[in-house]
Amino acid sequence: MPELPEVETVCRGLDKVYQGQTITKVEYRRPNLRLPLPPQLPKLAAGKKIEKIYRRAKYALLDIQGGNTILLHLGMSGRLVFGKGERHLDKHDHVLVHFKNAPTLIFNDPRRFGVLDVCKTTKIADHALLKNMGPEPLEKDFTAAYLYAATRGKKGPIKPFIMTNAVVVGVGNIYAAESLFKAGIKPTRASGSLTKTECSKLVKAIQEVLKAAIKAGGSSIRDYVQTDGTVGYFHSQFMVYGRKGAACKICGSTIKEIVQAGRSGCYCPKCQK
DNA sequence: CCTTGAACCTGCGGGC
DNA sequence: TGCCCGCAGGTTCAAG
């Protein structure tokens with residue numbers, strides 16, 4: 001489930017629970033996820049308080065005492081769950097963070113596309129995983145003028161383009177499809193063919209879709225963090241994603257599916273030009 | 001330079 | 001019931 005709205009929601013929820021809490025121990029149950037787990041982290045984190053938890057792109061960032069920041073990426077299947085006692089550990093519970101006076105935080109990730117790393121807080125923007133990231137979609141530097149300039153001369157299709165982190169972060173497969181529907185733009189359009197007006201519509205659509213999803217996610221953070229996250233609370237809001245063959249909620253046309261850059265996506269052939 | 005495709009993993013649902 | 005196949009919210013790297 002981890003797209004930007006989920007990560008944002010998780011960060012807000014975690015911050016409430018863990019800000020000011022003292023880590024007693026970081027425990028690895030395997031040596032790596034997508035990348036090796038940082039061997040220095042358990043020593044760096046033991047006895048340190050968490051100062052704050054926030055988000056950049058799809059990374060959760062945890063500032064800890066001593067000037068270090070933990071980077072956490074949930075990949076495709078990562079979840080953060082509260083510990084219920086070690087007897088209930090799942091085979092995909094890879095990292096456990098124990099606290100002096102708060103529930104154990106467990107990083108569970110069956111597919112192991114997730115990432116955990118640590119670096120100096122002052123160097124966070126230069127971290128290899130973050131340094132080439134484009135603007136945040138909900139910040140003021142992500143504008144129609146920016147997107148228009150970025151798309152000039154680009155021949156590739158717009159959907160994979162807006163999913164590129166160097167262009168804008170946090171727009172995953174679901175919200176790319178939903179945003180393009182909302183903006184009335186066909187996912188196969190050459191990026192460079194978008195007019196200024198269309199860029200403006202697309203920026204607005206991305207922002208509105210993400211904000212709405214964050215709002216919906218906010219109501220499900222408890223389920224998401226405390227249980228196994230099985231809920232599909234936002235599915236009912238999807239206009240196109242996962243709706244291949246179904247009727248468009250606006251015009252009734254049959255929703256079509258296409259594969260672009262290895263990712264399948266849906267669109268309405270009538271509403272999207 | 002740009003774009004596409006494969007690779008990294010496990011689990012689940014559908015078809016037979 | 002069970003096996004095989006395709007597919008899944010992300011990112012990176014190599015090849016064309």
Side-chain angles (χ1 to χ4, degrees), chain A residues 1-11 29-37 55-60 71-80 90-95 107-117 127-134 137 150-180 187-193 206 209-210 212-214 216-217 220-221 223-225 228-238 240-245 257-266:
Chain A
M1 296 223 183
E3 290 216 29
L4 182 146
E6 284 71 34
V7 180
E8 175 67 27
T9 308
V10 164
C11 286
R29 301 185 69 232
R30 56 170 301 118
N32 64 293
L33 295 177
R34 196 183 87 213
L35 301 174
L37 296 171
R55 180 191 61 75
R56 167 68 173 134
K58 290 172 189 158
Y59 288 86
L71 294 84
L72 191 61
H73 195 294
L74 299 174
M76 292 275 262
S77 57
R79 291 170 186 159
L80 293 171
D90 177 86
K91 67 172 171 175
H92 301 301
D93 287 341
H94 306 306
V95 179
F107 187 4
N108 178 285
D109 186 6
R111 294 177 71 183
R112 304 206 300 273
F113 289 166
V115 172
L116 178 69
D117 202 7
H127 191 285
L129 295 169
L130 293 177
K131 65 179 179 185
N132 294 321
M133 293 284 176
T151 47
R152 290 315 87 189
K154 306 294 182 190
K155 294 174 184 170
I158 188 64
K159 180 175 175 251
F161 187 81
I162 58 172
M163 289 176 67
T164 304
N165 280 325
V167 172
V168 59
V169 301
V171 183
N173 200 35
I174 292 174
Y175 297 114
E178 292 296 312
S179 300
L180 286 165
T188 49
R189 283 275 302 281
S191 304
S193 77
I206 289 170
V209 167
L210 290 177
I214 289 171
S220 79
I221 176 62
D223 292 344
Y224 186 73
V225 173
D228 60 5
T230 49
V231 285
Y233 61 94
F234 47 66
H235 284 50
S236 63
Q237 296 180 36
F238 290 165
V240 288
Y241 185 82
R243 301 193 68 243
K244 173 190 178 186
E257 183 181 58
I258 46 159
V259 176
Q260 297 172 286
R263 311 296 299 275
S264 64
C266 294

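Chain A is the first sequence line, chain B the second, and so forth, proteins listed ahead of strands; every chain is numbered from 1. Keep in mind that what you see is a predicted model, and the values were worked out from it rather than measured.
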Inset, instruction - Check whether any side-chain nitrogen or oxygen of A/His73 sits under 4.0 Å from OP1 or OP2 of C/dG10, and answer yes or no. - result: no
Inset, instruction - Could you tell me the separation between the CD1 atom of A/Ile162 and the P atom of C/dT11, rounded to a whole number of Å? - result: 14 Å
Legend entry - Integer angstrom distance from the P of C/dT11 to that of B/dC1: 23 Å
Inset, instruction - Could you check which nucleotide pairs with B/dG5 in any of the strands shown, counting Watson-Crick or G-U wobble with both distances under 3.5 Å? - result: C/dC13
Inset, instruction - Compare side-chain N and O positions of A/Lys244 against OP1 and OP2 of C/dC7 and report whether any pair is under 4.0 Å apart. - result: no
Inset, instruction - Using whole Å, report how far CE of A/Met76 lies from P of C/dG10. - result: 6 Å
Legend entry - Any N/O donor-acceptor pair, A/Arg111 side-chain to B/dC9 base, under 3.5 Å: yes
Legend entry - Sub-4.5 Å side-chain heavy-atom contact between A/Tyr175 and A/Leu4: no
Inset, instruction - Quick one: label A/Asn165 by what it contacts on the DNA or RNA (base, sugar-phosphate, nothing), any heavy atom closer than 4.0 Å. - result: sugar-phosphate
Legend entry - Distance, rounded to the nearest Å, where A/Arg112 contributes CZ and C/dT11 contributes C1': 16 Å
Legend entry - Under-4.0 Å side-chain N/O to phosphate OP1/OP2 contact, A/Arg34 with C/dT11: no
Legend entry - Value in whole Å for how far the P atom of C/dT11 lies from CE of A/Met133: 6 Å
Inset, instruction - Compare side-chain N and O positions of A/His92 against OP1 and OP2 of B/dC9 and report whether any pair is under 4.0 Å apart. - result: no
Legend entry - Separation of C/dG9 P from A/Glu178 CD (nearest whole Å): 12 Å
Inset, instruction - Please tell me if the side chains of A/Val169 and A/Lys58 come closer than 4.5 Å, counting only heavy atoms from C-beta onward. - result: no
Inset, instruction - Select base, sugar-phosphate, or nothing to describe what A/Gly262 touches, counting heavy atoms under 4.0 Å on all strands. - result: nothing
Legend entry - Whole-Å distance separating the CZ atom of A/Arg56 from the P atom of C/dT11: 12 Å
Legend entry - Centroid distance under 5.5 Å and plane angle under 30°, A/Phe113 vs C/dT11: no
Inset, instruction - In sequence, state the C-alpha distance, the side-chain angles, and the governing distance for A/Leu80 and A/Leu74, and then conclude on side-chain contact (heavy atoms from CB on, under 4.5 Å). - result: CA-CA 8 Å; A/Leu80 293 171; A/Leu74 299 174; 4.1 Å; yes
Inset, instruction - Find the distance between CE (A/Met133) and OG1 (A/Thr164) and round it off to the nearest 0.5 Å. - result: 11.0 Å
Legend entry - Between B/dC9 and C/dC3 - P atom distance, rounded Å: 24 Å
Inset, instruction - Compare side-chain N and O positions of A/Lys155 against OP1 and OP2 of B/dT3 and report whether any pair is under 4.0 Å apart. - result: no
Inset, instruction - Kindly say if A/Ser264 contacts the phosphate of C/dA8, meaning a side-chain N or O under 4.0 Å from OP1 or OP2. - result: yes
Inset, instruction - With C1' as the reference atom in both, quote the distance from B/dT3 to C/dG9 in angstrom, rounded to an integer. - result: 23 Å
Inset, instruction - Check the distance between B/dT4's P and A/Lys154's NZ and give it to me in whole angstrom. - result: 12 Å
Got a list of side-chain donor-acceptor pairs under 3.5 Å for residues 107-115 of chain A, not counting sequence neighbours?
unit_1: A/Asn108; atom_1: ND2; unit_2: A/Asp90; atom_2: OD2; d: 3.2
unit_1: A/Asn108; atom_1: ND2; unit_2: A/His92; atom_2: O; d: 3.4
unit_1: A/Asn108; atom_1: ND2; unit_2: A/Asp93; atom_2: OD1; d: 2.7
unit_1: A/Asp109; atom_1: OD1; unit_2: A/Ser77; atom_2: OG; d: 2.6
unit_1: A/Asp109; atom_1: OD1; unit_2: A/Gly78; atom_2: N; d: 3.4
unit_1: A/Asp109; atom_1: OD1; unit_2: A/Arg112; atom_2: N; d: 3.3
unit_1: A/Asp109; atom_1: OD2; unit_2: A/Phe113; atom_2: N; d: 3.3
unit_1: A/Asp109; atom_1: OD2; unit_2: A/Gly114; atom_2: N; d: 2.8

Inset, instruction - Tell me, with the steps shown, if A/Ile158 and A/Thr188 meet side-chain contact (heavy atoms from CB on, under 4.5 Å). - result: CA-CA 6 Å; A/Ile158 188 64; A/Thr188 49; over 6 Å; no
Legend entry - Distance in angstrom units between A/Phe238 CZ and C/dA8 P, rounded: 13 Å
